[in-house]
Each structure stands twice: as structure tokens, then as C-alpha cells.
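Worth knowing before you read on, the calculation uses all heavy atoms, side chains too, and leaves out hydrogens, waters and symmetry mates. Protein chains get the first letters and strands the later ones, always in sequence-line order, with residue 1 at the start of each.
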Amino acid sequence: MSSSRSGQTPRRSVLAGAVLASAALVLSACGSSQASESTPESFEGQELSVLLITSHEGASKWLADEFQKKTGAIIKPTIVPYDEIGSTLALDQQSGANKFDVAAPWYVSIGDLAADDSIKDLTDWIEESDQDTADFIPAIYDPYTLVDGKRYGVPFDGDTHVLFYNKEILERNGFDAPPATWDEYVEQSKTITENESSDGVYGAAVFGQKSPLILGASYANRLAGFGGEFVDAEGKPTINTPEAVAAAENLVESVKYAFPTAAETDFGVGNGAWFDAKVGFIENWTDLGVGSEINDDSKVAGKWGVATLPVGGAQTEARASLVAGFTWVVAENTEKEELAKEFIKWAASSEVNEALLTAEPATGIDPNRQSSLESASYGSSYPALQEANRATLAGTLAWPTGRNANQAAQILTDELAKLLAGQGGSAQETMDRIQSEWERILG
Amino acid sequence: MASSLAERRAGRLFVSPTVLTLLVLGAFPLLFILAAAFTDSSLGKPFKEFTGADNLATVLGNADVVASLSRTVGYAVGTTAASVVLGVVVATAVHQAVRSGAVVRTLLLLPLIVPPVVVGTLFKLIFNPAGGLLATVLGFVGIPAPAPLSDPGLALGAVMVADIWEWTPLVFILVFAALLGQDPSITEAARMDGAHGWKLFAAVTLPAIAGTIAAAAFIRLVLALKVFDLVYIMTAGGPGQSTTTTSYLIHQVALKEFDIGRASAITLLLAVVVTLVTLPAAGLAARLRRKEEATA
């Protein structure tokens, strides 16, 4: 998911340009090869309606151009806000409008979309087609695609959070390294805010607006760090464990020293504060680093660092949190199933993912495959991001994805919002209420 | 006789499109909501299974739903009262200066034509604690920047301010039109009898426009009970549940949680509450209008 949501014009660096040119050459060679092998003539001139979120608009242009070159098919993207893509697709299919052939919703939605017969079961097709599924990042592949033993999609945008820090702000406040634990994060954030808030500089931007993808993400980062889980291996809720409660308590503490105010901080506000060098820390998708370097209005180019998310409690190993993440699905009622499958197979491929990672303007796409994560082009352009992203390779925290997962995410968000606003009692009471509700709807 | 029958048939034929349209636009959504409220209905698959009153029991047992209903009523009554008082005061003031008020009248109506999404964004910027208009102005006099939209005690009031700014011009224009429609000879006669200022307004003007004020209040009340857009833009229902109105909650349950059954049950509850709140207002408006017409 893109962290550069303000539409900044890129500033090309010589190095990035050279890398991009190399990647383009490699890609064009691959594309030509693939086209000559498998492109059916019948796709020429056909239109495919694709539903995407706002932050994938840049990627949609790249995908449309390249797919047309490859197949002659015309991609018609429709862009909607990130929290409306699931409902837009469901309503489109339920109403019989059937405008969309393909979509890339938040992976948490796929259980509800599958239960509503809004998306196709792709299990057999994935098994029969030559997609090298073993190359998908294992920690991403199942959460993004699997519901009750069936696969309903292929991963598109990896989307894990890491911790970005402003080196200058840390140095000014006497810190020579980013926090390793969430307690240190709060301490450093507190120090920065106390020292510099009078100048408009704060410890951190904490995404606290009441939305599962915003506030829910901030909590998920801490839950991962403290070693907690949303649900256990059997899918039973485990959201009131000591780790989950500690994560909620840390979130409350984090908000106290955050850029004002956390409750109003969405992606635009938080990222704006980061680019404006007004915050020491921001938890964000790895592509924020790309924007930090190439966006015209970025004041942090060359001044930032990135680390894996802090840890807490008994957890000592860095752990990634799949807070967002988007997956390609095929609409149930599409009349262009063959073309739709051809498109998502190509769009989820290693070559395309690798190219999107370093494309300019920034596309907001994160690694979905091991090969693209470890690619030379990504490593040479953004070595720090590549290193931080390796945390996604194992032991990641993923949201529940089955039926009622959307409701579960919303319940969590509402209760956390109440906790932060002082309306929800203690963290333990808050998490107990969520556990009770989750047991009712998730089983 | 035959001619009369033919005329009646022709009349029915001509009004049938209108009746059909009203049925489709009015009855169908109502029936859909009723059916969904009593079934297990998701966004993509409505009416999966009859569940009786389960959805209603669930939402009535949910403290957040009940709180949203009382919050919505409080919000609506508060914004309506403020809009009516301000609208009447401004309309009366402008009426007094009617010859020089053309530009003022146009400016006063501007908020009415601004899209709610723009109003929400505008006030979000005004209330922004990091450099917003309010923080800047208060900063000049040494008062720390408040964060109204993040303060559970202030957030609903802050949204109400935006709502009042947006919709008071509606009350203003209705009351102003009523003032222009007054018989000037009655006012003149009252003046000759010694009535001036507040006494003239309370004894002569107010009774003459009371029906219009009540009607404007009724319209304003209905608009406020449905508030969604300002909440969506300004606070997303937060902080906590502080600004979660029932319309916002319905949107969230239906489109974020995919639960059309529960959203429909909340809609039915809202319909009952809206009816209970607006019926007295509608009755009062009708009575005052009749009285006004009888006096005229």
C-alpha cells in the first residue's frame, strides 16, 4: 500500500534512473519472451475492468500500459478509497451490475467476499497454472488467499509495516539508534515531544483515526511486537492475552506523545508530518522510503533510517505485521474469466512485482514474492528497505480472514478508539470485550 | 355518465406513473429494510435466512447503538434550536435593513450551496490544532491550541458548529421570506399604537411568522437527525464513540461490516426515534400554520 498519498511529483536520482533503466530492459526482455509464448490473440482489444484503491492508482497506470503492450488488452481501472473496495465489489456483484472483472481488495475482506459469492474460487486454476506459487512470500501467501481450504486470490501488494525514523531528530535529542523495544519507542518519543513540541516537532506520528486500516494497523504493529496473535492456529480469538493487553497499553502510551492529534491522524496527516520532518518516528509501509527519497516536497531525503518494528514483553525477535496487504481476486460474475486470470497471473508475477518496487513515479507496491524481495534492482535501490522487509519472511502477524473478518476488524477498531478516548475502561477490560465479541462472530 | 367514467379512468391513467414511481421509490426500500431486518442478510447475499427479531434484539442489546440514538437526538435538537434562533435573529436583522442588504443576503446564503464534504473539510482545517484558524487566533492571545475534534467532550459540539453554519441559512431564507410576506399595514398600525423593538416583534411579528418558523424547525430537525457527511469527513465517528451518530453507524455496519440485517434493524430503530421526535414538531408546525392562515 502506498504511503505517498499526496500525489507528489518524483525527483529522479541518477542512481535510481540507472537501476530503473536496467530493470526495464530486463523486464522488456522477459515480457517479450512471455508474450511470444503465451499471449492469446483473442485478448487484443478486449477491455478488462479492474477495481483498485486510491493508493494503487500509480500502479494501475503502469499495469495498464504494460499489459496492453503484452496482450493488446485494455485495462480500465476504477479507483475507490481503500476502505470501500470490498463493499463496492460486493454490491457490484449482488446488484447484477457486474461492472468489475478483477479487484484488489484488502485481504481481510476475502472471507466475506467468498461467503457472499462475490469472488471466484481459484483453487484449481492456481494449482493447474504455472505460477510458481512457492515463490510467494510464505507468510503472505496463505493469509492473502486462503479461506476454509480454498484459494480465492493471488497476492498483489505485500504491505508490511516497518519503523521509519528521522536521523536528525534522533541526533538532536541524544539518541544514536532507533528503539529496539516498544517501551524505548515511548521513551524516545516522549523525550522528543518534550524537547521540541514548542517548535512543532513531535516524537511520532501515530495513526489513530477510527478505521481498521489506520488505528487497527497501529495496534497490529504492537501486537506483533509483543508476540501476540489475533487468533490461534484453529482460528479461535486470542485477543485478550497478556501480550494483546500489553500492546493496547503501549498504544495508549504512544498516543500521549504523538503528533497532534492521533485521533485525527490518517495516512495523509501522518505522512505529511513525516515528509515535513515534524516527527521522529512513523510506522509505515516500506514504500514510504521510496517516497521519502523521490517526492518533491520531502524534507527527509537522505535523513531517514528504517528498522524493523520494535519488540516488547518476552518477544525478542523482530516480527512483521501484515497490517494491510491487497490481493488480486476475480469477480464471480465476470464474463471475461480467461482474460481476468491472465491479468492477475501476470500482475502477481515476480517480474511485475520487481518492476513495481522500483518504478518511478512510486507505485506504492511492496514485495509479494521472495524473488522480487531479494532482487538486485530492489537491493541496489533500497537496501535498507530490503533488509527490513526480510522480516516478512517468517512469523508474521496476519489478521483473521474468514467470514465476519470485516466485522471483527471493525469491533477491534471501535473498542480501541474508545480506549484511547478514555471511554473503554482499562486495556484489559477493552480486550476482554473484544474477545467476547470475536468469540461470538468468529467462533 | 359514460363521459364521467371515461374521465375518471383517464385521470387514473394519467396519475398512475406518479403512483407507480412513489411505490417503487418509497415502498420498495421500506420493504427491503423490513425484510432485511428480520433475516440474516449480508452485503452480497440478502435474505439468507429468516431470523425473527434476532437482529433487533442484538442491536437493542448493544450499548453503542442505543448511545448513538440518544446522541443523534441530542445533536438534532441542539443544532435545530441553534439554527432556528440564529436564523430568526439574522432574518429579522436583515429584514430591518432590507434596502441595503442584497449583498449580505447573498453572502448569508453561501453556506447553503457549499457541498457538505467541503464544509466538513473546511471546519476540519479550522479546528486543526497544528496551525488551524482557531489555534492561530487563540495563539495570538496566548491561549493553548485546543483540539476540538480529538476531545471526547468537544468533538460533537465541533461537528454541530459546522452543521449550524451550513444549515442556518435555510432557516434564514424561509423566515426572511415570511417576513417579506407580512402585511406592512399591521406592523405600521402596531407602531402607531406604540409598539416598538422587542415588544413589536414578540406581539406582532413573531405570531405572524410562527408557522413558518415551526416548519423551518421541522425541516431542520429532520436534516439534523440524518447527519452523516460531516461526521464522516470530520471525525469518522471518533474520538471513541463521541460523534458516532446513528446514520454513521448504519453506514459502518452495512458497508464496513457487510451486515445488512443488523444495519436494517438499526435503521428501523432510527425510523421509530425520528417519528417520535418529529411528530410533535410537525403537529406544532401544522397548528401554527392553521392559526396563521386563520389570522390572515
So which part of [X] gets closer than 4.5 Å to some heavy atom of chain B, the side chain, the backbone, both or neither?
X	value
A/Ala409	neither
A/Gln93	neither
A/Glu84	side chain

Salt-bridged, A/Asp276 to A/Lys299, with N to O below 4.0 Å? yes

Under a plain distance cut-off of 3.5 Å, with no hydrogens placed, do B/Ser247 and B/Thr245 share a side-chain donor-acceptor pair? no

B/Asp64 portion near chain A, given a 4.5 angstrom heavy-atom threshold: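 Side chain only.
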
Please state whether the side chain, the backbone, both or neither of B/Ser242 comes within less than 4.5 Å of a heavy atom of chain A. both

Taking every non-hydrogen atom, the tightest pair across B/Ala162 and B/Met234: CB-SD, 3.9 Å

Around B/Lys226, counting heavy atoms of other residues, nucleotides and ligands shown, do more than 12 lie under 6.0 Å from its NZ?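 Not more than 12 within 6.0 Å, no.
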
Any idea which of [options] has the most non-hydrogen atom pairs under 4.5 angstrom with chain B?
options	answer
A/Glu332, A/Arg403, A/Lys278	A/Arg403
A/Ile411, A/Asp83, A/Asp112, A/Asn404	A/Asp83
A/Asn406, A/Leu91, A/Leu89	A/Asn406

Run the side-chain hydrogen bond (donor to acceptor under 3.5 Å, both in side chains) check on A/Lys418 and A/Thr430 step by step: do they pass? CA-CA 8 Å; A/Lys418 284 197 279 188; A/Thr430 297; over 6 Å; no

If I take atom CG from residue B/Asp163 and atom OG from residue B/Ser83, how far apart are they, to the nearest 0.5 angstrom?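 If we round to the nearest 0.5 Å, B/Asp163:CG and B/Ser83:OG are 6.5 Å apart.
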
Looking at B/Lys124, B/Gln241, B/Lys48, which one has more heavy-atom pairs under 4.5 Å with chain A than the rest? B/Gln241

Are the side chain of A/Ser95 and the backbone of A/Asp92 linked by a donor-acceptor contact shorter than 3.5 Å? yes

